[in-house]
2 protein chains.
Amino acid sequence: MNSITVLLVDDHLVVRSGLKALLGTQPDLDVVAEAASGEEALELVAQLAPAVVVMDLAMGAGMDGIEAIRQLRQRNSRQAILVFTTYDSDADIVRAVDAGAMGYLLKDATPDEIFAAIRGAVQGKSVMSAPVASRLFQQLRNPDEVLTPREAELLGLLTEGLSNRELGQRLFISEATVKTHLAHIYAKLGVETRAAAIATAIRREGMR
Amino acid sequence: MNSITVLLVDDHLVVRSGLKALLGTQPDLDVVAEAASGEEALELVAQLAPAVVVMDLAMGAGMDGIEAIRQLRQRNSRQAILVFTTYDSDADIVRAVDAGAMGYLLKDATPDEIFAAIRGAVQGKSVMSAPVASRLFQQLRNPDEVLTPREAELLGLLTEGLSNRELGQRLFISEATVKTHLAHIYAKLGVETRAAAIATAIRREGMR
DNA sequence: AGCGGCATCAGCCAAAAGGCTGAGAGACCA
DNA sequence: TGGTCTCTCAGCCTTTTGGCTGATGCCGCT
């Protein structure tokens with residue numbers, strides 16, 4: 001019947017045309033437009049009101065995917081938003097779901113997974129790749145491992161390579177307090193040294 | 001005339017088909033095969049002897065792109081190898097060129113750039129995206145800041161969060177030697193602590 | 001009022017990391 | 001052959017980190 005209208009958002013032309021070619025093999029899926037940036041996506045959604053938006057998170061310049069999702073939600077548009085990206089970083093997943101994404105697919109998903117996700121999304125089903133799902137579950141199962149705001153702040157500075165003294169100065173707290181926070185952070189991250197903390201933080205939060 | 005035969009190597013189906021669609025618009029470019037892994041690529045090159053191999057560096061499982069390039073070179077095959085990847089990390093660029101890549105393109109390159117690169121590659125020209133080129137130049141201008149192989153190896157392990165003792169055990173060298181290497185690495189990276197070294201290494205090398 | 005979570009700080013001690021100097025072996029190159 | 005680079009190792013000393021214990025004030029919830 002009515003085919004499902006799809007908007008593709010990805011800053012890489014190659015990915016867009018690949019996805020378009022792929023979706024073109026399905027009679028019920030209809031790619032009505034492509035956007036190379038978040039801004040473009042917002043415009044096209046307003047104009048075309050596609051049923052599904054398939055969106056990459058990393059966008060070269062300007063608004064990133066997360067922000068685009070958030071803005072789409074705010075304009076209470078009723079598109080189902082599917083994240084389609086290369087990386088499965090904890091922070092990205094949580095932020096995307098939080099911003100209002102219906103599903104989260106990795107770029108190495110099989111065609112069938114992609115089709116199923118899009119069809120599911122319009123029906124309100126939320127679909128995600130297996131590795132993504134497992135990460136989400138882990139977040140939910142271990143709320144103990146969620147950093148407090150202050151700890152997160154400290155961890156952020158930690159990944160810049162600051163020493164305890166510098167951390168203290170930057171946050172206007174004593175070195176003793178810095179050490180206390182660090183101990184908590186290490187425990188929550190499951191590491192024992194600041195080096196490991198930095199490594200896991202940068203890798204798992206997708207910090208750059 | 002004789003069209004240019006191309007082999008695409010990328011673990012993402014979407015990227016492959018996008019690239020294929022793109023190259024399909026050019027009468028003189030002929031995608032004769034696609035590979036999803038380094039191993040597959042080696043096989044297909046042996047069978048089909050394409051004129052150009054367009055290869056992603058990050059391959060999900062098994063042999064990565066760099067290794068594939070190296071092996072292709074060792075089998076003194078005469079393909080021109082073009083790297084086509086998302087990130088422009090210093091280490092990747094150097095390693096790819098070192099392994100024998102003819103060119104280095106980023107995935108946000110325009111179609112024309114991609115076409116030109118492929119055509120240039122078969123003629124022995126080496127082509128690279130502007131940001132890539134500038135990084136390479138910087139490397140050439142500051143040879144003092146280039147890590148030795150051993151140092152790079154150590155830095156790689158460092159970003160896993162290992163201690164000096166663990167580094168030594170892993171590399172079969174004494175802790176004293178580890179500290180020597182680290183001192184050199186810090187000097188070259190322009191940092192003073194391992195924390196900062198890890199931070200800059202992960203961020204600038206695109207390590208994950 | 002009481003309890004728990006959060007942020008703050010202190011002191012003590014052991015372990016790890018970092019700065020410095022010096023040095024030998026092998027590879028490579030002019 | 002001599003110079004340079006790389007990798008290897010040692011000792012010594014200072015600074016930094018990390019582990020542990022304990023403590024205070026604040027806020028929010030019951």
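A note on names: the letters A, B, ... follow the listed sequences, proteins ahead of strands, and every chain is numbered from 1. Here the structure is a predicted model, which means the values were calculated and not measured.
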- Message: How would you summarise protein contacts on nucleotides 16-29 of chain D per nucleotide, using B for base, S for sugar-phosphate only and - for none, with heavy-atom distances below 4.0 Å?
- Response: SSBB----------
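Every residue meeting the side chain to side chain contact (heavy atoms under 4.5 Å, CB included) condition with B:S174, not counting sequence neighbours, appears here in chain and number order: B:A176, B:T177. For B:E175, the side chain to side chain contact (heavy atoms under 4.5 Å, CB included) criterion is met by B:N164, B:R165, not counting sequence neighbours.
When atom types are taken as modelled, the side chain of A:Q71 and the backbone of A:A68 share no donor-acceptor pair closer than 3.5 angstrom. A donor-acceptor pair under 3.5 Å is formed between the side chain of B:D10 and the backbone N or O of B:H12. A donor-acceptor contact shorter than 3.5 Å is absent between the side chain of B:E160 and the backbone of B:L157. Within the 3.5 Å criterion, the main-chain N or O of A:T110 finds a donor-acceptor partner in the side chain of A:E113.
If you take CG of B:L171 and P of D:dT8, they are 8 Å apart, rounded to a whole angstrom. The nearest whole Å value for the distance from the CD atom in B:E151 to the P atom in D:dC5 is 13 Å. The distance from atom CZ of B:F172 to atom P of D:dC9 is 12 Å, rounded to the nearest whole Å.
The CD1 atom of B:I114 sits 6.0 Å away from the CG atom of B:L19 when rounded to the nearest 0.5 Å. Expressed to the nearest 0.5 Å, how far CD1 of B:I173 lies from CG of B:L167 amounts to 7.5 Å. Here the straight-line distance linking atom CZ of A:R16 with atom CG of B:L22 works out to 10.5 Å at 0.5 Å rounding. B:H181 contributes atom NE2, which lies 5.5 Å from atom CZ of B:R150 (distance to the nearest 0.5 angstrom).
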Going by atom type alone, with no hydrogens or angles, which donor-acceptor pairs under 3.5 Å involve a side-chain atom of residues 44-58 of chain B and a protein atom two or more places apart or on another chain?
unit_1	atom_1	unit_2	atom_2	d
B:D56	OD1	B:A58	N	3.4
B:D56	OD1	B:T85	OG1	3.0
B:D56	OD2	B:K107	NZ	3.3

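Taking five base pairs at each end of the helix from C:dA1-D:dT30 to C:dA30-D:dT1, the local helix axes there meet at an angle of 40°, rounded to 10°.
A:S174 comes within contact range of the sugar-phosphate backbone alone, with a heavy-atom separation under 4.0 Å but no base atom that close.
When the side-chain nitrogen and oxygen atoms of B:T177 are compared with OP1 and OP2 of D:dC9, one or more of them lie within a distance under 4.0 Å.
Bounding nucleotides for the chain B contact on DNA chain C, 5' to 3', at a heavy-atom distance below 4.0 Å, are C:dA16 to C:dG19.
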